[in-house]
Amino acid sequence: RIHQKAKGLFRFLKESISQITFGLRTSFNEIGAIMLLMESSGYKDVEFRQVVLDKNEYKFKYNTIKLNPVDKEAYGR
């Protein structure tokens, strides 16, 4: 989460972003598009995760996700 005083665009170092966590209902298409955009924009070493509901307990888990070459082809990269 980013906290800022004013709404709108602001500058930051690319190295500042170490992780992006997608919500429970974020679609595969949205996740793939964002991951490819981040990669093509030069963001390195960013960990991508998605919140999932643990089926055995009443709690959230976080799955690490990665794009494979097939996913990249599906998005035209």
Side-chain angles (χ1 to χ4, degrees):
R1 178 168 291 188
I2 297 174
H3 297 279
Q4 58 186 15
K5 293 180 182 179
K7 292 183 179 184
L9 300 175
F10 62 99
R11 295 187 187 277
F12 56 89
L13 296 172
K14 288 183 179 183
E15 298 81 26
S16 301
I17 296 181
S18 60
Q19 182 182 88
I20 294 178
T21 302
F22 297 102
L24 207 63
R25 296 183 183 145
T26 308
S27 73
F28 174 76
N29 288 337
E30 289 176 310
I31 291 171
I34 291 169
M35 290 175 74
L36 285 173
L37 180 62
M38 295 292 292
E39 181 182 276
S40 67
S41 298
Y43 288 85
K44 306 285 185 209
D45 301 320
V46 177
E47 178 185 10
F48 296 97
R49 302 184 323 161
Q50 184 169 25
V51 178
V52 292
L53 187 59
D54 187 327
K55 302 216 185 272
N56 299 321
E57 298 181 43
Y58 188 70
K59 66 178 184 178
F60 294 120
K61 294 188 336 186
Y62 300 89
N63 288 344
T64 300
I65 49 180
K66 297 182 184 285
L67 277 180
N68 61 45
V70 174
D71 295 331
K72 289 181 182 181
E73 285 182 24
Y75 289 100
R77 298 271 180 189

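Just so you know, these numbers use all the heavy atoms, side chains as well, and skip hydrogens, waters and symmetry mates.
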Practice item. Indicate yes or no for a side-chain donor-acceptor contact from Ser40 to the backbone of Leu37 under 3.5 Å, with no hydrogens or angles considered. Key: yes
Point to revise | Set of residues satisfying side chain to side chain contact (heavy atoms under 4.5 Å, CB included) with respect to Lys55, sequence neighbours excluded | key: none
Revision key, fill the gap. Value for CD1 (Ile17) from CG (Asp45), rounded to nearest 0.5 Å, stands at 12.5 Å
Review point. Any side-chain heavy-atom pair from Leu67 and Glu39 closer than 4.5 angstrom?
Key: no
Exercise for review: For the residue pair Val52 and Phe60, establish whether any side-chain heavy-atom pair is separated by less than 4.5 Å.
Suggested key: no
What side-chain donor-acceptor pairs closer than 3.5 Å can you find for residues 19-28, not counting sequence neighbours?
{"from": "Gln19", "atom 1": "NE2", "to": "Glu47", "atom 2": "OE1", "distance (Å)": "3.2"}
{"from": "Thr26", "atom 1": "OG1", "to": "Gly23", "atom 2": "N", "distance (Å)": "3.2"}
{"from": "Thr26", "atom 1": "OG1", "to": "Gly23", "atom 2": "O", "distance (Å)": "3.3"}
{"from": "Ser27", "atom 1": "OG", "to": "Glu30", "atom 2": "N", "distance (Å)": "3.1"}
{"from": "Ser27", "atom 1": "OG", "to": "Glu30", "atom 2": "OE1", "distance (Å)": "3.4"}

Check your understanding: Counting only heavy atoms not in Asn63, do more than 12 fall under 6.0 Å of its CG?
Key -> yes
Exercise for review: Tell me whether Val51 is reachable from Ile31 by hopping between hydrophobic residues (I, L, V, M, F, W, Y) whose side-chain heavy atoms are closer than 4.5 Å.
Suggested key: no
Check your understanding: Any chain of hydrophobic side-chain contacts (each under 4.5 Å) joining Ile34 to Val46?
Key -> yes
Revision key, fill the gap. Separation between CZ (Arg49) and OH (Tyr62), nearest 0.5 Å, reads 6.0 Å
